[in-house]
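Structure, as structure tokens:
Proteins come first, then strands; the chains are lettered A, B, ... in the order of their sequence lines, and each starts at number 1. When reading the values below, keep in mind they use all heavy atoms of this one structure, side chains included, and skip hydrogens, waters and symmetry mates.
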2 protein chains.
Amino acid sequence: MRIGELAARAGVSVRALRYYEEQHLLTPDRSPSGQRHYPEAAVEQVRVIQQLYAAGLSSRTIVALLPCVVDGLATPELLARLAAERDRIDAQIAELTATRDRLQSVIGGATDTLLTGRPCRTAN
Amino acid sequence: MRIGELAARAGVSVRALRYYEEQHLLTPDRSPSGQRHYPEAAVEQVRVIQQLYAAGLSSRTIVALLPCVVDGLATPELLARLAAERDRIDAQIAELTATRDRLQSVIGGATDTLLTGRPCRTAN
DNA sequence: CTAAAACCTCACGTCGACGTGAGGGGCAAG
DNA sequence: CTTGCCCCTCACGTCGACGTGAGGTTTTAG
């Protein structure tokens, strides 16, 4: 399929797909006239890329991990990086959870304040 | 305390503290000569700010929520924004968890491949 | 008193994942 | 043939949270 269709189906912009190619995250075939052509599998692959971006990975990191994540191709070195990223994400989840709980406690305490008219110390 | 000590104790750069003031996240007193002076409570407050930044909130959002989070001062409108951010964070945690699990399954499957010598379909 | 350390205010630089024209080619329908 | 849509390649713009000097003042230690 061509770039416009892939963009629509994967939910990203055409510009983003060209950018991914620039970063060596995708390597579509080219028609004689220079137009990009992608296989079906590209749709899922783009979604994976987006997911990794959303998890805070950089293009450089993703390009290193993609052969492993997409093709299941593994070396001990890649596995180590993969595990490192997993740990980073775990830490990030922990922090986000703490933040979420803090906001929630503020909401709870403040709602209480609104209802009772007197402030209620939050459990920090 | 002065800006250097606050920076050290809160674990941020001096530049960052000046930036926070520019964004109206902190409003230190000034000595006659123009130097900033912060109360003890600023240490914790900076940590909160950092935590909110880390959760993906912008300066604009944080400045809106700070009176609520720090002083417990609440209006229905602020509570709504607070709840909206909490929901955003919940969604983010869910996505990160999915990503984490995907990486973990790749690690598991790949380790298996390394050990057995034959690829093992990951549970996607 | 003096020198180092810490502070001040501009104000431009950075980095990454794209957005946004500018200017031009390719191809199916009427 | 030409209208219109999709595609191409530069290449500069953006945004946010600071980094990094430049050039000058204030505070502190000896």
Given atom [atom1] of [X] and atom [atom2] of [N], what is their separation to the nearest angstrom?
X	N	atom1	atom2	answer
Glu21(B)	dC8(C)	CD	C1'	11 Å
Leu17(B)	dC7(C)	CG	P	10 Å
Arg9(A)	dC6(D)	CZ	P	16 Å
Gln35(B)	dG24(D)	CD	P	18 Å
Tyr53(B)	dG16(D)	OH	C1'	9 Å
Leu57(A)	dG16(C)	CG	P	14 Å
Leu52(A)	dA17(C)	CG	P	12 Å
Arg15(B)	dG16(D)	CZ	P	15 Å

>> What's Ile49(A) touching, base or sugar-phosphate or nothing? Going by heavy atoms closer than 4.0 Å.
In response: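 No contact at all - Ile49(A) keeps every heavy atom at 4.0 Å or more from the nucleic acid.
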Phosphate contact ([N] OP1 or OP2) by [X] side-chain N/O below 4.0 Å:
X	N	result
Arg36(A)	dT9(D)	yes
Tyr19(B)	dC18(D)	no
Arg60(B)	dA17(D)	no
Ser59(A)	dA17(C)	yes
Ser13(B)	dG19(D)	yes

Check [Y] with [X], please: is the shortest side-chain N to carboxylate O separation under 4.0 Å?
X	Y	value
Arg15(B)	Glu21(B)	no
Glu40(A)	Arg9(A)	yes
Arg102(B)	Glu44(A)	yes

> Ala16(A) has a side chain; which of dA17(C), dA17(D), dC18(C) sits nearest to it?
Replying inline: dC18(C)
>> Which nucleotide wins on minimum distance to the side chain of Tyr20(B), given the candidates dA17(C), dC18(D), dT9(C)?
In response: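 Looking only at heavy atoms from C-beta outward on Tyr20(B), the closest nucleotide is dC18(D).
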>> With nearest nucleotide decided by heavy atoms, which residue, Gln50(B) or Pro32(B), maps closer to the 5′ end of DNA chain D?
In response: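 This one resolves to Gln50(B).
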>> With nearest nucleotide decided by heavy atoms, which residue, Ser31(A) or Ile3(B), maps closer to the 5′ end of DNA chain C?
In response: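 On the 5' side of the pair lies Ile3(B).
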> Mapping Ser33(A) and Arg18(B) onto DNA chain C by nearest heavy atom, which one lands closer to the 5' end?
Replying inline: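 With Ser33(A) and Arg18(B) compared, the 5'-side residue is Arg18(B).
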>> In this structure, would Ile62(B) and Leu73(B) fall into the same cluster of hydrophobic residues linked by side-chain contacts under 4.5 Å?
In response: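 No, separate clusters.
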>> If you count heavy atoms of other groups shown closer than 6.0 angstrom to NE2 of His24(A), is the number above 12?
In response: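 Check fails, neighbour count at 12 or below.
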